[in-house]
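Note that this is a predicted model, so its numbers are computed, not measured.
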Amino acid sequence: MRVVSLFIFLVFSINISAANIPEVNEFDIRYYHPESYGLKDLAFEVRVSNLVETLNKRQSYGKIEDLYFKVYWMFPGQYQIEINGFPKGFNEVKYQLKQMIKNRLDYVVPLKLAPRVRSYELSYFKTKSGKGVKGKDRTGSRPVSEIQLKFKPNGMLEEFKTFSPTGVNTSTFELGVKGWSNNKWVVDKMIVKLIQGVQLTTIENSFDYKSFSGFGFPSKVDIETTQEIVTNNSGKPNKRTVNSTLEFSKYEINTGKAVRFMTKGIKK
């Protein structure tokens, strides 16, 4: 990758687009996106460890024996999520449960980086290990006012940081190549640190994958969530850690099941 002179850095520090940031587009090309290999239609199930026990402890929904999510995804990014095993009603609770799964759909079909930064005014900045890209929201209308991306010299994304009125969110990545990934990168570990006032939340995600009909998808994601109160006091910090696991199974690939489900408008 050629070295960009300081002059060019300064000239293009205003109103540069994602299309003119080669690091962003090259990362998308070198990252594994199953739709690039023919994925059009996908259905799968997700189970969350300890979720049934947690809901039963509330004693508000009756006895839940089994609960899982069925996800339907259709190219280029339409999806629907249904909950199986949960009693009728409780729409607000169902919405929250679906949001929990929605926020992790890119574990299965990763989002591309370029569309996520496209609406920001981009510029370069230097980092210790490589090159950084900064994005500013000049309109003041977006929930995230600034983004920062750090790349390694080989073009691998190592950090994605966002700034908003509610706090600072920093995601760091460990990427690797799998036998099924066509020499493309996939995430092995992702650590998210969210600072909100004096509270620090750290979420460590560790990924296991399997190959299904020539595609690679996660089979399991182990999640360790730690919340602590960070203060200047010399006393011991208030710290709490919770472990959970997402299990992905019963992948149905390019069978037309998602298309049929969504075009019929079936909802539960």
Legend entry - From Leu246 atom CG to Leu51 atom CG, the distance as rounded to the nearest 0.5 Å: 10.0 Å
Inset, instruction - Dump the intermediate steps for side chain to side chain contact (heavy atoms under 4.5 Å, CB included) on Leu194 and Leu200, then the final yes or no. - result: CA-CA 6 Å; Leu194 176 61; Leu200 170 63; over 6 Å; no
Inset, instruction - Please determine if Glu252 and Lys70 form a salt bridge, counting it only when a charged side-chain N lies under 4.0 Å from a carboxylate O. - result: yes
Inset, instruction - State whether Lys189 and Glu204 are salt-bridged, where the test is any N-O pair (Lys NZ or Arg NE/NH1/NH2 against Asp/Glu carboxylate O) under 4.0 Å. - result: yes
Inset, instruction - Could you check if a side-chain atom of Glu224 sits within less than 4.5 angstrom of a side-chain atom of Ile203, using non-hydrogen atoms only? - result: no
Inset, instruction - Establish, from distance only, whether the side-chain atoms of Glu82 and Gln80 form a donor-acceptor pair under 3.5 Å. - result: no
Legend entry - Non-hydrogen side-chain atoms of Pro218 and Val108 separated by less than 4.5 Å: yes
Legend entry - Pair Tyr61 + Phe90: ring centers closer than 6.0 Å: yes
Inset, instruction - Would you kindly confirm whether Leu111 and Leu157 end up in one hydrophobic cluster when ILVMFWY residues are joined by side chain heavy atoms under 4.5 Å apart? - result: no
Inset, instruction - Report the residue from Asn243, Thr201, Thr241 that forms a side-chain hydrogen bond (donor to acceptor under 3.5 Å, both in side chains) with Thr226. - result: Thr241
Legend entry - Expected output: side-chain Asn169 to main-chain Thr162 donor-acceptor under 3.5 Å: no
Legend entry - Asp106 vs Lys112, salt bridge (charged side-chain N to carboxylate O under 4.0 Å, His left out): CA-CA, chis, key distance, verdict: CA-CA 9 Å; Asp106 63 337; Lys112 290 191 174 182; over 6 Å; no
Legend entry - Lys/Arg-Asp/Glu bridge criterion (N-O < 4.0 Å) met for Lys220, Asp222: yes
Inset, instruction - Answer whether the closest heavy-atom distance between the side chains of Lys257 and Phe261 falls below 4.5 Å. - result: no
Legend entry - Stacked cation flag Arg142 on Tyr120, 6.0 angstrom / 45 deg: yes
Inset, instruction - Please identify each residue that fulfils salt bridge (charged side-chain N to carboxylate O under 4.0 Å, His left out) with Glu158, with sequence neighbours left out. - result: none
Inset, instruction - For Ile195 and Thr170, run side chain to side chain contact (heavy atoms under 4.5 Å, CB included): C-alpha distance rounded to whole Å, both residues' side-chain angles, the deciding distance at 0.1 Å, then the answer. - result: CA-CA 9 Å; Ile195 300 175; Thr170 304; over 6 Å; no
Inset, instruction - List the steps and the verdict of side chain to side chain contact (heavy atoms under 4.5 Å, CB included) for Tyr72 and Tyr79. - result: CA-CA 5 Å; Tyr72 301 89; Tyr79 68 89; over 6 Å; no
Inset, instruction - Side-chain contact test, heavy atoms from C-beta onward, threshold under 4.5 Å: evaluate it for Lys178 versus Tyr209 and give yes or no. - result: yes
Inset, instruction - Verify, without hydrogens or angle tests, whether Lys184 (side chain) and Ile29 (backbone) share a donor-acceptor contact under 3.5 angstrom. - result: yes
Inset, instruction - State yes or no: do Val168 and Val144 share one hydrophobic cluster built from I, L, V, M, F, W and Y residues joined by side-chain heavy-atom distances below 4.5 Å, directly or via other members? - result: no
Inset, instruction - Step through it carefully: locate the ring centre of Phe173, locate the ring centre of Trp185, and say whether they are under 6.0 Å apart. - result: no
Legend entry - Pairs flagged by side-chain hydrogen bond (donor to acceptor under 3.5 Å, both in side chains) wherever residues 27-50 is involved - sequence neighbours left out: Glu45-Arg47, Arg47-Asp66
Inset, instruction - Give a yes or no answer on whether the side chain of Arg118 reaches the backbone of Leu113 with a donor-acceptor pair at less than 3.5 Å. - result: no
Inset, instruction - Given side chain to side chain contact (heavy atoms under 4.5 Å, CB included), test Phe125 with Lys131 step by step and report yes or no. - result: CA-CA 7 Å; Phe125 68 95; Lys131 187 180 293 184; over 6 Å; no
Legend entry - Verdict with reasoning, Tyr107 to Phe207, per ring-ring contact (aromatic ring centres under 6.0 Å, His included): CA-CA 9 Å; Tyr107 291 179; Phe207 295 76; 5.0 Å; yes
Legend entry - Pairwise distance CZ(Phe163) to CG(Asp137) - rounded to 0.5 angstrom: 14.0 Å
Inset, instruction - Starting at CE of Met74, measure out to CZ of Arg260 and round the result to the nearest 0.5 Å. - result: 12.5 Å
Legend entry - Closest heavy-atom pair and its distance - Val192, Ser171: CG2-OG, 3.6 Å
Inset, instruction - Using a 4.5 Å cut-off on heavy atoms from C-beta on, say whether the side chain of Phe69 contacts that of Leu97. - result: yes
Legend entry - Nearest-0.5 Å distance, OG of residue Ser213 to CG of residue Asn254: 8.5 Å
Legend entry - Lys102 vs Lys98 side-chain heavy atoms within contact, under 4.5 Å: no
Legend entry - Smallest separation among heavy atoms of Ile253 and Phe212, with atom names: CD1-O, 3.3 Å
Inset, instruction - Begin from the C-alpha positions of Glu121 and Lys136 and carry the test salt bridge (charged side-chain N to carboxylate O under 4.0 Å, His left out) through to its verdict. - result: CA-CA 5 Å; Glu121 181 181 293; Lys136 290 276 192 177; over 6 Å; no
